[in-house]
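Notes follow once the structure below has been shown.
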Amino acid sequence: MRHSPSDLKPVDRHLADILATVRPLAPLELDLERALGAVLAEDVTAPVDLPPFDNSAMDGYAVVAADLANAPVTLPVTEDVAAGDPLVRAIGPGLTARIMTGAPLPAGADAVVPVEYTDGGTANVVVHKQVERGNAIRRAGEDVRVGDVVLAEGTRIGAAQVGMLASVGRRRVLVRPVPRVAVLSTGAELAEPGTPLGYGQIWESNSFMLAAAVREAGGEAFRVGSVTDDPRVFMETLDAQLVRADAVITSGGVSMGAYEPVKEGLSPLGTVRFEKVAMQPGMPQGFGVVGDDQIPIFTLPGNPVSSYVSFVLFVRPALRQMQGLPVSPPASVRAVCTDRLRSPRGRRSYLRAVLTGDRVTPARGQGSHQLAALAAADALIVVPEDVTEVPEGTTVEVIPL
Ligand code: AMP
Ligand code: MG
């Protein structure tokens with residue numbers, strides 16, 4: 001089928017429409033142990049200095065550094081100071097205290113001698129080597145000062161950030177939660193992987209792939225699996241998901257044929273638009289909102305490569321926006337194409353390719369059903385709408401995957 005460019009909606013306009021609709025998720029307070037992957041909706045400040053008090057960085061002896069000027073010297077040990085000791089007495093010149101890593105530094109001490117520089121004595125200690133003032137002392141506030149912003153709003157919480165939150169004493173934190181995304185495939189021909197294939201069937205791949213893509217993008221995916229091409233069944237299945245989803249992705253059932261359950265089921269609502277977008281793969285697209293909560297729904301085309309490319313171009317930016325993260329166009333580089341390319345007039349092509357340094361090699365098998373080429377690819381070559389032929393050796397735009 002040929003399409004005059006005027007039939008087609010530009011890729012950028014489709015993305016702009018999506019981003020104009022999708023709202024950041026409302027912030028909520030989560031327990032620290034549930035905050036992984038969420039995005040901070042507040043600046044987190046330190047309520048105290050970190051460390052909160054001067055303490056020893058090593059196991060050794062708290063000393064007055066000047067006492068070691070004529071090392072080796074023998075000094076009396078007044079007491080043991082362990083990490084967590086609530087009461088630590090001061091020492092004066094000529095005295096030491098045996099001290100453990102993390103224990104509060106006794107007042108009067110100005111250095112810690114590592115145990116390795118001593119005979120390890122408990123009543124008296126022989127110190128063989130001199131140390132500088134301040135040696136092996138962690139000063140209060142040298143990590144973080146009271147009032148410092150330790151994590152800024154908009155930071156995604158990974159393991160290190162969970163550690164930071166705990167170490168400023170936070171048990172609960174205000175975040176934009178991880179978006180929950182229901183992923184639903186349609187197609188009477190689809191068989192669940194792990195079950196035998198009947199005649200005319202193919203194994204269902206999109207719900208697995210798109211659920212994985214959601215997780216890679218920082219979302220939580222519910223893979224609903226696939227439904228047949230009955231619009232009623234599709235709508236019932238969708239309805240059941242809306243209670244737990246912040247967004248829905250469907251695949252298949254949006255093209256020009258008969259038996260297009262997604263289009264047939266959603267069109268009467270009037271809240272989802274089905275359009276032809278000027279791209280290849282992935283021309284038939286739908287986007288809108290469903291349910292009382294106006295949940296965004298992305299109805300992607302069924303061909304696996306089309307659905308994946310559509311995810312990268314449209315869904316991934318929307319998920320970032322839902323998380324309150326800045327949305328920018330996919331990062332691209334320029335590389336020399338090692339082969340000639342063809343592209344349909346009026347549509348932007350995203351061709352599967354392998355990027356090696358500054359050279360990019362298009363995959364064999366650019367059909368939108370050819371998942372093997374996508375799985376072997378690590379980049380997409382972008383060919384603009386007005387270009388139909390790209391000679392070998394041309395510098396092209398490449399989106400690394
Ligand atoms: P559709 O968009 O429903 O017309 O499907 C287009 C093509 O993609 C057909 O060849 C389908 O068999 C195939 N397809 C649709 N959904 C899936 C899926 N979930 N997994 C694998 N292939 C699919
Ligand atoms: Mg179908």
Side-chain angles (χ1 to χ4, degrees), residues 31-36 40 42-174:
D31 183 88
L32 186 56
E33 284 196 89
R34 311 218 40 205
L36 181 68
L40 278 174
E42 59 168 328
D43 286 340
V44 174
T45 55
V48 295
D49 281 345
L50 292 183
F53 49 89
D54 291 354
N55 67 91
S56 179
M58 303 189 88
D59 296 326
Y61 294 83
V63 296
V64 177
D67 289 345
L68 311 182
N70 300 317
V73 293
T74 302
L75 297 165
V77 179
T78 58
E79 66 169 343
D80 267 5
V81 191
D85 275 356
L87 201 75
V88 177
R89 276 177 298 167
I91 64 164
L95 299 175
T96 73
R98 195 162 74 130
I99 192 166
M100 311 308 148
T101 304
L105 188 75
D110 63 8
V112 170
V113 186
V115 67
E116 292 82 357
Y117 292 6
T118 72
D119 68 350
T122 50
N124 291 289
V125 61
V126 181
V127 180
H128 303 296
K129 252 169 102 171
Q130 208 180 336
V131 296
E132 302 276 295
R133 283 183 65 185
N135 188 67
I137 295 173
R138 302 161 171 167
R139 291 294 175 193
E142 75 176 20
D143 186 10
V144 171
R145 289 249 168 242
V146 57
D148 278 357
V149 174
V150 292
L151 294 168
E153 180 174 354
T155 303
R156 195 200 289 280
I157 300 174
Q161 289 70 36
V162 169
M164 185 75 251
L165 288 163
S167 67
V168 293
R170 293 295 293 268
R171 182 72 216 200
R172 299 179 72 75
V173 63
L174 191 68

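In this structure the side chain of Y61 never reaches within 4.5 angstrom of the side chain of V127, judged on heavy atoms. For the pair Q130/N135, no side-chain contact is recorded, criterion being any heavy-atom separation below 4.5 Å from C-beta on.
Checked options L165, T155, V149, I157; the residue passing with V44 is L165 (criterion: side chain to side chain contact (heavy atoms under 4.5 Å, CB included)).
Distance check: D148 CG to L50 CG gives 9.0 Å after rounding to the nearest 0.5 Å. With rounding to the nearest 0.5 Å, the separation of CG in D80 from CE in M100 is 4.5 Å. Here CZ of R156 is found 9.5 Å from CG of L36. Values are rounded to the nearest 0.5 Å. Between T118 atom OG1 and K129 atom NZ the span is 12.0 Å, to the nearest 0.5 Å. With rounding to the nearest 0.5 Å, the separation of CD in E79 from CD1 in I99 is 9.5 Å.
Atom CZ of R139 sits in a crowded spot, with more than 12 heavy atoms from other residues, nucleotides or ligands closer than 6.0 Å. By the neighbour-count criterion of 12 heavy atoms within 6.0 Å, atom CZ of R172 is densely surrounded, having more than that number from other residues, nucleotides or ligands.
For the residue pair G147 and T45, the shortest heavy atom distance occurs at O-CG2, 3.8 Å. Scanning both residues, D110 and R133, for their nearest heavy atoms gives OD2-NE, 3.4 Å. Scanning all heavy atoms of the two residues, the minimum distance from D67 to P93 falls at OD2-C, 3.5 Å. Nearest heavy atoms, A111 versus A65: CB-CB, 4.1 Å. Closest non-hydrogen pair, I137 versus E142, comes out as O-OE1, 4.3 Å. Between D119 and V125 the shortest heavy-atom distance is OD1-CG2, 3.5 Å.
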